[in-house]
Structure formats: C-alpha cells, structure tokens
Amino acid sequence: MQAQNRLLKCAWLAVLAGLLVAGAQAAQCGRVTIANMNWQSAEVLAHIDHIILKEGYGCDAELVPGDTMPTLMSMMGKGQPDVAPEAWVNAMRGPLDSAVAAGRLHYAGKSLSDGGIQGWWIPKYVADAHPEIKTLEDALKRPDLFPAADDSSKGAVHNCPSGWNCEIITRNLFKAFKAARKGFVLVDTGSAAGLAGSIAKAYERKQGWLGYYWSPTAILGKYAMVRLGAGVEHDEKSWNDCTVKADCADPQPNDFPAAEVYTLVTSSFRESAGPAYEYLARRRWDNDTVNKLLEWMQVNQATGRDGALHFLQSNDELWTRWVDDFAARKIKDSL
C-alpha cells in the first residue's frame with residue numbers, strides 16, 4: 001500500500017510539474033503575432049509555427065496577413081508582427097542589420113538550412129533544344145523563343161507580383177540588360193498564382209517562358225526548369241545600392257546572390273518568449289523537405305493549415321528535434 005501511495009504521489013507530482021511548466025511557458029510567451037506571407041512555403045511554415053507555439057508552448061498565437069516589404073518595414077518601424085517565419089532578407093539586409101544592431105529585431109535562425117534559390121529561368125525543353133542559351137544575355141538574343149501573349153513579335157520576361165522585392169529586382173535587371181531594346185516586354189503577372197500559372201500554361205503548350213522564379217516551390221518541383229546565369233559576377237555593393245531599390249536610376253547587370261532566408265523576430269519577443277523563442281532558433285528545414293510538402297499540398301489542393309497538419313503528422317522525426325519533450329507530447333496530443 002505504501003509503495004502504491006508513493007507511486008500515486010510521484011504521478012501527481014509529475015502532473016503538477018507538467019502543469020507548472022505549461023503555465024510558466026504560457027505566461028512567458030503571451031500573445032504573439034505571426035506573419036502569414038502570401039506564398040506557399042512561407043504560408044505553411046507560418047501555420048506550423050502557429051500550431052507549435054499555441055499547442056506546444058501555450059502562446060496566444062495569431063496569424064496576421066504579411067508580405068515581404070510591408071511586413072519587414074512594419075517590424076522595423078512598429079515592432080509588429082512579432083515573427084516573420086520565412087523572411088527573404090537579401091533585398092533589405094542593410095536596414096535589417098541596422099535594426100538588429102539597434103536592438104529592435106533579431107535573426108532567430110535560418111528558415112532554410114540550404115538557403116533559397118532565385119533567378120531567371122527557362123523550361124528545360126527550351127534549354128535542351130537550345131543548349132547555346134546559358135545566360136540572361138543568351139536568352140535576350142532570342143525574343144522569338146519567348147513570345148509575349150499580347151504581341152508575339154515581342155519576347156516576354158515574366159515579373160513578380162507588385163509588393164514583392166523580386167518585382168523591383170527583375171524590373172531593374174530588365175533595364176540593366178537593355179531587354180526592351182532587344183525586343184522584350186516586362187509582363188506583370190499580377191499575383192503569385194498568376195506567375196505560377198504562366199509557367200504551367202507554357203508547359204501545357206510547350207511554349208517558351210522566361211522570367212523570375214524561386215525555390216522552394218511546388219511549381220519547380222512539378223515542372224523542370226533551368227536557372228540561367230547572369231553572365232557576370234555578383235556585385236554586392238551595386239546590388240545593395242541600386243539593384244534592390246525602386247528608385248535606382250542606372251542599374252547595372254548583376255547576378256543574384258545566394259538567398260538568405262531567416263526567421264526574423266522582434267527583440268521584445270525574443271526577450272519575453274523563453275522556450276518559444278528557443279524553438280524558433282532551432283527550427284529549420286531544407287529545400288527537398290519543403291518541395292515534397294508543397295507538392296503534396298498542390299496535389300491535394302491543401303490549405304496552409306492542411307499542409308502544416310500533414311507535415312506534423314508525418315515528419316515527427318524532424319520537428320520533434322525543434323522542441324522540448326514536454327512540448328512535443330502536447331503537440332502530438334493536439335493533432
């Protein structure tokens with residue numbers, strides 16, 4: 001009987017300890033706003049963070065609409081939202097570094113362990129048929145291979161949606177490489193769906209396509225595309241001083257740098273969130289993992305939350321390394 005009582009006492013103490021830990025985590029984390037960016041890899045990561053922070057660490061977590069430039073500007077100027085799970089920081093590295101040095105923001109860690117890949121791409125079937133096309137300059141010699149939908153006598157370079165950093169970059173590179181003089185027009189794709197749809201449409205018709213895209217994405221997992229070199233070395237100073245700026249008067253040819261993709265948090269969140277911040281500092285995945293998840297989401301027409309639940313239910317060998325054991329048990333119980 002005494003042994004049984006001791007076991008019961010130990011069990012109750014364990015439960016009480018767990019409740020105290022959970023209560024402390026919740027009190028420490030408090031309310032946290034998470035930027036839900038408007039592209040698929042960032043969206044599903046935001047939902048994963050929402051579930052883990054809420055269920056594993058007791059945070060009062062809320063998803064808020066986000067986009068690269070507005071979100072990062074708001075974080076630098078207003079301290080909101082608290083977390084940008086997938087911030088492609090290259091285009092704003094200078095101001096962000098200044099905000100970090102001033103104590104307003106903090107790089108929690110790399111979202112993509114192997115970085116993002118961005119640039120101008122063509123379909124593999126075009127590259128196979130025209131092996132002489134290796135660089136942007138090579139492609140711009142052949143507007144006939146990439147006809148514009150509205151005027152087949154012109155070639156088309158497909159741009160990013162307005163509000164994305166890559167829209168500014170692509171517009172500046174279009175100007176730097178004198179694409180208009182070479183018979184090209186810059187196409188506004190309108191939205192992320194419009195940009196992806198333009199690739200899908202070209203593939204269905206086996207037509208030429210030239211424009212900006214990035215990885216990880218479901219589209220580049222589904223359709224074989226070849227990234228073109230710029231034909232010049234990356235010039236960091238010219239990139240930061242001009243290529244990424246909307247008011248750049250005289251952009252010069254430049255190559256894309258390796259894309260650094262971070263989880264960005266406000267310093268106030270870092271200081272108050274305790275174990276919730278430690279999760280974000282540990283949480284990272286690679287392009288292959290993300291591409292597989294995005295492909296599943298596309299095939300199943302899944303939402304960001306659907307994708308997050310699928311990932312958490314089928315990849316616990318990965319995400320349990322991001323959290324402590326107590327949080328892992330709570331998250332699994334919630335799924």
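Counting from 1, the numbers follow the sequence of the chain as shown. The structure displayed is predicted, hence computed values, not measured ones. When reading the values below, keep in mind they use all heavy atoms of this one structure, side chains included, and skip hydrogens, waters and symmetry mates.
Leu280 is listed as a side-chain neighbour of Phe269, based on a closest heavy-atom distance under 4.5 Å.
Legend: residues meeting side chain to side chain donor-acceptor pair (under 3.5 Å) with Lys206, ordered by chain and number and at least two apart, are absent. By the ring pair (Phe, Tyr, Trp, His ring centres under 6.0 Å) test, Tyr223 is found to be paired with Tyr203, residues two or more places apart in sequence or in another chain being considered. Annotation: salt bridge (Lys or Arg N to Asp or Glu O under 4.0 Å) contacts of Arg282 (sequence neighbours excluded): none. Annotation: ring pair (Phe, Tyr, Trp, His ring centres under 6.0 Å) contacts of His158 (sequence neighbours excluded): Trp209. Every residue two or more places apart in sequence or in another chain that forms a side chain to side chain donor-acceptor pair (under 3.5 Å) with Thr289 is listed here: Asp286. Every residue was checked against the ring pair (Phe, Tyr, Trp, His ring centres under 6.0 Å) condition with His130, not counting sequence neighbours, and none meets it. Take Asn240 and apply the side-chain contact (heavy atoms from CB on, under 4.5 Å) test, not counting sequence neighbours, and it matches Glu236. By the ring pair (Phe, Tyr, Trp, His ring centres under 6.0 Å) test, Tyr277 is found to be paired with His106, residues two or more places apart in sequence or in another chain being considered. For Asn291, there are no side chain to side chain donor-acceptor pair (under 3.5 Å) partners at least two apart in sequence or on another chain.
Through side-chain heavy atoms spaced under 4.5 Å, either directly or across other Ile, Leu, Val, Met, Phe, Trp or Tyr residues, Met75 is tied to Met69, Leu72, Met73, Met76, Val89, Met92, Leu96, Val100, Leu105, Tyr107, Ile168, Tyr262, Leu264.
A donor-acceptor pair is defined here as one N or O able to donate and one able to accept, closer than 3.5 Å; such a pair exists between the side chain of Arg227 and the backbone of Gln118. Here the side chain of Asp82 pairs a donor or acceptor atom with the backbone of Thr33 at under 3.5 angstrom. Without hydrogens or angle criteria, Thr71 side chain to Thr68 main chain gives no donor-acceptor distance under 3.5 Å. Side chain of His50 to main chain of Ala61: a donor-acceptor pair is present (N/O by atom type, distance under 3.5 Å, no hydrogens or angles).
Side-chain polar atoms of Thr263 and Ser111 form a donor-acceptor pair below 3.5 angstrom. Side-chain contact check for Glu86 and Trp39: at least one donor-acceptor pair (N or O, by modelled atom type) lies under 3.5 Å.
Within the structure, the ring-ring contact (aromatic ring centres under 6.0 Å, His included) test picks out the following pairs touching residues 225-251 (sequence neighbours left out): His234-Trp239, Trp239-Phe256. Applying the disulfide bond (SG atoms under 2.5 Å apart) test to pairs two or more places apart or on separate chains, those with a residue in residues 202-255 are Cys242-Cys248.
Between Asn254 and Ala230, the closest heavy-atom pair is O-CB, 3.5 Å.
Ring to ring, Phe311 and Trp285 are close: their centroids are under 6.0 angstrom apart.
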- Can you check ring pair (Phe, Tyr, Trp, His ring centres under 6.0 Å) on Trp121 and Trp214, steps first, answer last? CA-CA 9 Å; Trp121 307 69; Trp214 75 99; 9.9 Å; no

- Task: For the pair Tyr279 and Asp49, evaluate side chain to side chain donor-acceptor pair (under 3.5 Å) and give the outcome as yes or no after the intermediate values.
- Result: CA-CA 9 Å; Tyr279 150 69; Asp49 286 347; 2.5 Å; yes

